[in-house]
Undergrad: 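Please read through the structure below; I'll follow up with questions.
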Amino acid sequence: VSSGPPHGCTWRIEGAGVAESLPMLACVSSATLHGVEGRPVAVEVHVSAGLPAFTVVGLPDAAVRESRDRVRAALLSSGLPWPARRVTVNLAPGGLRKTGAGLDLPIAVGVLVASDALPAHAASGVGFVGELGLDGSLRAVPGAASLVAAMACDHVVVPDEVAPEAVLVAGARVRPVATLAELVSALRGAAPWRSASVAPPRAVDAPTLDLRDVRGQVVGRRALEVAAAGGHHLLLVGPPGSGKTMLAVRLAGLLPPLTQAEATEVLRIHSAAGASEPGVLATRPPLRAPHHGASEVALVGGGTSWLRPGEISLAHAGVLFLDELGEFPASVLDALRQPLEEHVIRVRRARASADLPARFLLVAAMNPCPCGEGGLPGACRCTDAMRARYLRRLSAPLLDRFDLAVALGRPDPCELVGGPPGECSADVATRVRAARAVAAAREVRCNAEIAVGDLDALAPLSVDGAALLERRIRSGSLSARGLHRIRRVARTIADLAGEEPVGEAHVAEALHLRAGRGVLAGA
Amino acid sequence: MSAPVRSEDDRSCAAVLAGLGASPATLRRFLDGHGARAAWTALARGEHPVDPTGRYRDAARRARPDDMALACRRAGVEVAVLGAPPYPRSLATDRDPPGVLFWRGDLGAMDRGPRVAVVGTRAASPRGRDIAAAMGAGLARAGVVVVSGLARGIDCAAHRGALLDDADVPVVAVLGTGIDAPMDPQRAALRDAAVRRGVVASEIPPGAARARWWFAVRNRVMAALADVVVVIECHDRGGSLHTVAAARRRGVTVAAVAGGADSSCSMGTNRLIADGAVPVRDAADVLDVVSARGGGAASPSPDRSRGAVAGTDDDAPWRRHFDADEAALWQALGDEAVTLETVVRRSGLSMATASAAFERLALDGLVRDDGGWWRRAPRQGGGGPT
C-alpha cells in the first residue's frame, strides 16, 4: 500500500471486525489540469477515529481546499451519510499542484467508499471528475476533454454538461451524471448508467463577418487573401479610419474550416481556458483579438495558481489579431517571437512549466506614427523623437516576422457611399482553398512554412523574377532574410494564380505587399 | 563696443556670458562696457547694473572661463565676439546680432555673397526634399552661398544639394543647438561637410542644454545673413514663419515655392505667396530674384532660357518604349505621389501587373517609391541633379 495503488483502481482496507476503531482507506482516480493537458491524480481518503475533522493535503489550491465544504454539504443534501470521524484527503502525486473544483466528485466518492457507504468494487476502474453544488448537483469543469483523456480507466464519470466534449476523446467510456444521488445509485447497481444517449458535440460553423462589407481597399483585400492562402503573418499600417480592423477581423472567414483533429485540439484548449461553449465543436478557425492592455501572462499563458492557456494558445489554428500593435508593451511583443518561430509557447514558471500549442496566423494593425497621418507625405506633424519612441517598441526581429506589410490609406469617399460592394468572403475563400490544395500537394502545411533549403525546389524562380530580386538586393532595399520571405509570398501569389514557376509579376507583387515597412521607417 | 581687440581670456569670458541663457539683447548689454571678464565677475557678485536682481548670478558663479575655453578647444569650436575680428560684417550690421558666435570652418563664408537662405519644414514631402536639393545645387553652381539650419527635411536637403556640387562655393549652416550637439549620422556627416566647405555657426556654447526657444532665435540669424529667404515647404504654423517674419523686419526678400492647394506641408508657403511673397519654382527663379536685388556675383539663369522648358512629364514614354502596362501605370501615376491602391483603381491593372511594370520603370529611373508612395521621378536637367 505504501507505494501507492495502481492507477484507476479503487479499493478499501477495512479493520477486520473492529470497524468502529480501525481506520479505513479508499483511493479514487481523477485528474487535474496542467496547461491544456490533464495529469492523473489519485485521491486517497482516510477515515479514522478521532474528533470530527476534514483536511485536504497534497498541494491543493484554494478551489480544492474549499471543496471540503462543498463535498460535505453535497453528501448531506443527497441523503448520504457523512462520517463523524477524522477524514483526511491526500491528492497524489504530492509534488503536483492540484487546481480547480473538478476534484470535488472524486473526494466525495472516496469519502463514501472509505466510510463504507459504497462498496469498494463499485468505484473500481472508474475515474471521476466534476464540481459539486451544495445541493448535490454536478457542475461543469474547465478542460473536461483533457482531464478525461488523462484518466486511463474503464469508465469516466463526468457532469452532464461536459459529456459531449468528453465523448469526443473518450467515446463510450463516458458516464454522464447529473447529481451525486444519481451517481451513487448507479454505482450501487440500483439504476442503469445513461451512457448510450450522449452525442459528441455538434459541429458548428459560426457565421463570420463578410468581406463584402469592405468597399475599396484593393491592396488590403489582396493582402488578406494572400495571408490566408499562404499562412503569412500580416501587418496593416494606416491612419485611423482606414479600415485596418475591419479587414483584419475578416481574415478568419477566409481560412479553410478546421479539420476534425484541429477542431478537437482547439476545443481542448478553449475548454482548458474555460472559454468554450458547451456541446459545440467550432469548425471555424478562432479569432482572438486581445486588447493592448493585456499582460504578458494573459497573452502567452501562465498564472499564479495554474497554467492557463493565453490568448495566443486560444488563437491556435486560427487568427491572432493585435490591434494598435505599437501600444502593446515591448516585453509582451517580444514574448511572441518564440511561438511565431516554433508554433508552441514554452511557459516556464517557478512552480510549474508547460508547453502550450500556439500555431496562429498573426495579423497586426497600427498607425504609422503617433498622430496617425504618417503615411501621407508631408502630412505628419510628429517630431522625429515621437516617431522614434513609437517605433522603438517594435523590435526589428518582430517586424521581420511579418511576411506581408501593407500601407492602407483612407478609402475613397465615392467608393464608400456609391461604390459596388466588395467581393464576398466565400469567393475569396474558394481561391484560398485551391491555393492551399496546391501547397498541400507539395507536402507543406502552408507556404509560409517552406524551409529555406526547400525554396529552390518548391518555389523555383523564372529568369525575370530572379533578376528582379537580385536588383533589389544589390540596391540594398532587400535583406537576405527578407529574400526568403518574399520568395514564399511570391510562391503563394503564383499558387493563387495557378502559375508555375514563380515569375516577375509574382515577385513584384510580393515586394509591394511588404512595402508597408517603408512607411514605418519614415520615408 | 568698448574692447575692439578681444584677448583669448576675454573671448572665454564672453563665451561664458553666452552660456548664461540670457536673450541676445541682454548678452550684448553684458558685453558693452569694460570687457567680458569684468562683466562676468560683476555678474557672479550680483553687482552688474544690467542684472540688478541677480538673475544670472548663480549661473555665472557655476561657470568657469577656463572650463569653457577647454570645452571649445575639445569641440574644435572657435569663438567670435561682436565688434572684434573675425566677427562677420554681415551680422555686425544687423539690428539684432548675436553677441557671441561659436563656429567651425571658415567664418569668412558669411561675408561672401550673394547669400540665399533655403528653409522649410522638417516634415517635408519627398517632392519638397527634391525641390530643396535641386535648388541648393542650382544656387551653389551659380555661385550663391546657401544658408540653412541643418534641420531635418528641407534644410538638410538644401545643403545636401549645395554640397553635391563640387564648385568652390561655401555654405553657411546656423544651428539652433550647440555645434557639438549629438545628431543622427546623416546630419552629422552633412555638418562635417559644411565645416569643410564653409562654416557651421551657433550662438550657443558647446555642451549647453537644448532649448526650444533657441530655434526661433536662431532663425533671425539666417534672415540677417540672407539676401533672399526661400521657403520650400512650410506647414500652416511652421517654424519657418519665424524666419520669414525676421526677414520681413529686415527688408529681406521672401520667396516661396507653391504647393498643392490641399497639401498640408505647403499650407504655409501657399499663404506666404498669397500674402505677397515672390513665387519661385527653382534655382533659376531665385537667381532672378537675387539679381533683381542687385546681389553681386550671381549669374542669372545660367543653364536654361526662360520659357523654353525642355520637355514635359508626358514626353517620358518617348524616352524609351513603354508597353501597354507601363503606359497605363504612367498615366495612373499623374503628378502627385500615389499609393499602389490608387494606381490599381485608376489603371485597372492587377496588383501583380502594376507592381511588375513599376519595377521595370524604376529600373530605368523613371519612377520612384518613397515609403510606399509612388511617383514619377523628377525630370533630369532643368532644376539640377536629383
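Values reported hereafter were calculated over all heavy atoms of this structure, with side chains retained and with hydrogens, waters and symmetry mates removed. Since the model is a prediction, treat every value here as computed from it, not as a measurement.
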Undergrad: Could you look at B:R152 and say if it's the side chain, the backbone, both or neither that has a heavy atom under 4.5 Å from chain A?
TA: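 Answer is side chain: those atoms of B:R152 sit under 4.5 Å from chain A.
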Undergrad: Counting heavy-atom pairs under 4.5 Å with chain B, which one of A:R471, A:E504, A:R222 comes out on top?
TA: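 Winner by heavy-atom pair count: A:R471.
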Undergrad: Side chain from CB out, backbone as N, CA, C, O: work out which of these in A:I493 comes under 4.5 Å of a heavy atom of chain B, or both, or neither.
TA: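 Contact with chain B is absent: no heavy atom of A:I493 under 4.5 Å.
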Undergrad: Could you measure the distance from the CD atom of B:E359 to the CG atom of A:D464? Nearest 0.5 Å is fine.
TA: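 Going from CD on B:E359 over to CG on A:D464, the span is 12.5 Å.
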Undergrad: At a heavy-atom separation under 4.5 Å, does A:L513 approach chain B through its side chain, its backbone, both, or neither?
TA: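 Only the side chain of A:L513 comes within 4.5 Å of chain B.
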Undergrad: Using non-hydrogen atoms and a 4.5 Å limit, figure out which bit of B:R345 sits close to chain A: side chain, backbone, both or neither.
TA: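 For B:R345, side-chain heavy atoms alone lie under 4.5 Å from chain A.
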Undergrad: Any idea which heavy atoms bring B:M351 and A:V219 closest together, and the distance?
TA: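 Closest approach of B:M351 to A:V219: SD-CA, 3.7 Å.
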Undergrad: Determine the minimum heavy-atom distance between A:H512 and B:D369, stating which atoms define it.
TA: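 In this case the closest contact between A:H512 and B:D369 is CE1-OD2, 4.0 Å.
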Undergrad: Ignoring hydrogens, what is the shortest heavy-atom contact between A:V218 and B:E341? Give both atom names and the distance.
TA: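 Looking at all heavy atoms of both residues, the closest pair is N-OE2, 2.7 Å.
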Undergrad: How far apart are the closest heavy atoms of B:A356 and A:A505, and which atoms are they?
TA: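 The answer is CB-CA, 3.8 Å.
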